[in-house]
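To start, the structure itself, in structure tokens.
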Protein chains: 2
Amino acid sequence: MNTLAEENYLKAIYHLSLNDTNVSTNQIAAAINTKAASVTDMLKKLADKELINYEKYQGVTLTNAGEKIALHIIRKHRLWEYFLVEKLNFKWDEVHEMAEEMEHISSVELIDRLDKFMDYPKHDPHGDPIPDRDGNFKKHELKPIASLNVNESGVISGVRDHSPTFLQYLEKQQLTIGKKITVTDIIEYDNSMILQVENITTHISREVAKNLLIAI
Amino acid sequence: MNTLAEENYLKAIYHLSLNDTNVSTNQIAAAINTKAASVTDMLKKLADKELINYEKYQGVTLTNAGEKIALHIIRKHRLWEYFLVEKLNFKWDEVHEMAEEMEHISSVELIDRLDKFMDYPKHDPHGDPIPDRDGNFKKHELKPIASLNVNESGVISGVRDHSPTFLQYLEKQQLTIGKKITVTDIIEYDNSMILQVENITTHISREVAKNLLIAI
DNA sequence: TAAAAAATTTAGACTTGTCTAAAAATAAAT
DNA sequence: ATTTATTTTTAGACAAGTCTAAATTTTTTA
Ligand SMILES: [Mn+2]
Ligand SMILES: [Mn+2]
Ligand SMILES: [Mn+2]
Ligand SMILES: [Mn+2]
């Protein structure tokens with residue numbers, strides 16, 4: 001099949017494609033923690049395998065075959081994260097690095113059985129959708145809490161920043177997936193927000209409000 | 001830590017050490033499906049890391065550090081096999097190849113939690129002992145059914161051949177781990193054996209009798 | 001115990017994936 | 001529309017792991 005390195009490139013390109021239609025060499029290099037020259041080498045290999053569309057200097061897009069592989073890796077990543085949290089009781093800020101390794105386990109039958117074992121979860125611990133075995137998922141439309149006005153509310157459904165420190169902060173503030181929040185005030189001076197989270201009042205910075213997402 | 005290749009070499013050396021104190025280059029090459037020249041290269045690297053004791057032309061033994069790593073990989077392999085059979089309902093002949101990949105997942109915390117999740121199993125689906133987190137396990141003494149005389153009996157506790165075809169054959173004959181068997185007759189002509197397995201009578205070849213193990 | 005056979009190691013080469021430094025192309029700024 | 005800055009690609013090198021073919025060592029056999 002594909003090497004571990006190839007899989008990581010395809011996954012990175014997929015994620016970057018969500019923000020930009022054409023993904024640049026430098027973007028990939030930054031995402032994957034390598035140098036641009038290394039990326040160029042790999043892009044040639046992936047293009048040879050017809051997993052990406054690549055024109056020199058013009059950036060890349062995934063072909064259907066490439067996207068299918070990327071989605072399968074993401075499916076595995078998110079199912080293993082769900083397993084680690086729901087079955088092995090890890091916290092949501094602890095599972096990403098382990099899933100980075102587990103997503104490369106190749107057996108399709110294994111991942112389908114794991115999916116069934118957990119009763120076909122639709123979202124991972126961070127609120128991200130889990131593709132089914134055919135790569136399909138309903139992409140829920142989300143928006144940042146920062147876009148709300150006073151007295152508007154929503155249900156926390158995702159995060160834009162997956163770093164452990166951010167996730168730990170949210171956990172401490174009880175700002176976790178599924179919680180309903182209401183904006184009770186916005187401080188004009190710094191655009192920070194006062195939230196009502198169930199029966200708790202919390203004050204979050206603009207920065208946090210931009211990275212915490214609610215269902216539309 | 002150690003690379004995937006290094007881990008596979010250490011594991012192979014460990015398994016071969018159970019039969020011979022000094023493990024030869026050719027034995028390793030056969031076990032790992034490589035050429036002797038490649039093995040020699042790797043032995044030098046492992047010796048540099050002080051994971052094996054290596055003297056040119058004399059074969060190798062594991063150091064304590066090397067054995068510890070090997071046992072940890074074997075622990076992971078067998079725990080994942082147990083998981084696949086007990087939680088995901090795979091058959092005992094289907095899990096080895098998947099475990100060959102999963103045994104390289106690095107997190108120690110993950111494997112300890114998996115161990116706890118399954119309530120600290122002592123043996124994998126093939127009857128092999130699962131080392132604890134310190135590498136300790138009680139090596140059960142086993143002997144082949146072939147060593148029994150007429151009217152002697154024992155409990156099936158392991159296999160000497162782990163190939164899917166052998167395991168499938170055993171499954172079909174109900175000759176699975178935990179079953180009590182009694183030798184009711186031995187055919188002198190070919191040394192094949194008639195077994196009573198609970199309320200079923202089965203006829204097995206000498207070859208099979210040598211590879212099916214019972215607790216002493 | 002000397003010759004033959006088998007096992008092991010060395011030498012040199014190849015692939016994958018990475019890097020630095022330099023060249024080329026594109027984009028931005030005057 | 002040039003010049004300047006940024007991005008991307010090429011050139012050449014390196015480490016890990018493997019291979020074949022040849023040399024060396026050990027073991028076996030006569
Ligand atoms: Mn993740
Ligand atoms: Mn996630
Ligand atoms: Mn196995
Ligand atoms: Mn096993």
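All chains are named by letter (A, B, ...) in the order of the sequence lines, taking the proteins before the strands, and each is independently numbered beginning at 1. Scope of the values below: all heavy atoms of this structure, side chains included, with no hydrogens, waters or symmetry mates.
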Which stems does DNA chain C form, counting runs of 3 or more consecutive Watson-Crick or G-U wobble pairs with both distances under 3.5 Å? C:1-30 with D:1-30
OP1 or OP2 of C/dG17 under 4.0 Å from side-chain N/O of A/Lys45: yes
Sort out for me which residue in B/His126, B/His15, B/His77 forms a ring pair (Phe, Tyr, Trp, His ring centres under 6.0 Å) with B/His162. B/His126
Taken to the nearest whole Å, CD/B/Glu55 to P/D/dT26 is 11 Å
Return all side-chain donor-acceptor pairs below 3.5 angstrom for residues 108-119 of chain A, not counting sequence neighbours, or 'none' if the list is empty.
{"unit_1": "A/Glu109", "atom_1": "OE2", "unit_2": "A/Arg113", "atom_2": "NE", "d": "2.9"}
{"unit_1": "A/Glu109", "atom_1": "OE2", "unit_2": "A/Arg113", "atom_2": "NH2", "d": "3.2"}
{"unit_1": "A/Asp112", "atom_1": "OD1", "unit_2": "A/Arg75", "atom_2": "NH2", "d": "2.8"}
{"unit_1": "A/Asp112", "atom_1": "OD2", "unit_2": "A/Arg133", "atom_2": "NH1", "d": "2.9"}
{"unit_1": "A/Arg113", "atom_1": "NH1", "unit_2": "B/Leu88", "atom_2": "O", "d": "3.1"}
{"unit_1": "A/Arg113", "atom_1": "NH1", "unit_2": "B/Asn89", "atom_2": "O", "d": "2.8"}
{"unit_1": "A/Asp115", "atom_1": "OD2", "unit_2": "A/Arg75", "atom_2": "NH1", "d": "3.0"}
{"unit_1": "A/Asp115", "atom_1": "OD2", "unit_2": "A/Arg75", "atom_2": "NH2", "d": "3.1"}

Between A/Leu46 (CG) and C/dT16 (C1'), how many Å, whole number? 13 Å
Between C/dA5 (P) and B/Tyr57 (OH): distance, integer Å: 19 Å
Between D/dA15 atom P and B/Lys44 atom NZ, what is the distance in whole Å? 16 Å
Give the rounded distance in Å between these two atoms: CE of B/Met1 and P of D/dA16. 15 Å
I need the single residue from A/Asn22, A/Asn19, A/Asp20 that forms a side-chain hydrogen bond (donor to acceptor under 3.5 Å, both in side chains) with A/Gln27. Which is it? A/Asp20
Pair B/Ser24, B/Asn26: side-chain N/O donor-acceptor within cut-off below 3.5 Å: no
Take atom CD of B/Glu171 as the centre, draw a 6.0 Å sphere, and report whether it contains more than 12 heavy atoms from other residues, nucleotides or ligands. yes
Please determine whether the number of non-hydrogen atoms from other residues, nucleotides or ligands lying under 6.0 Å from atom NZ of A/Lys49 exceeds 12. yes
Let me know the distance between OH of B/Tyr54 and C1' of C/dT10, rounded to the nearest Å. 10 Å
Taking atom C1' of D/dA16 as reference, at what distance in whole Å does atom CG of B/Leu4 sit? 12 Å
Residues within residues 13-41 of chain A bordering DNA chain D, heavy-atom distance below 4.0 Å: A/Ser24, A/Thr25, A/Asn26, A/Ala36, A/Ala37, A/Thr40
Less than 4.5 Å apart, side chain to side chain, heavy atoms only: is that true for A/Leu195 and A/Val183? yes
Between C/dT26 (C1') and A/Lys56 (NZ): distance, integer Å: 13 Å
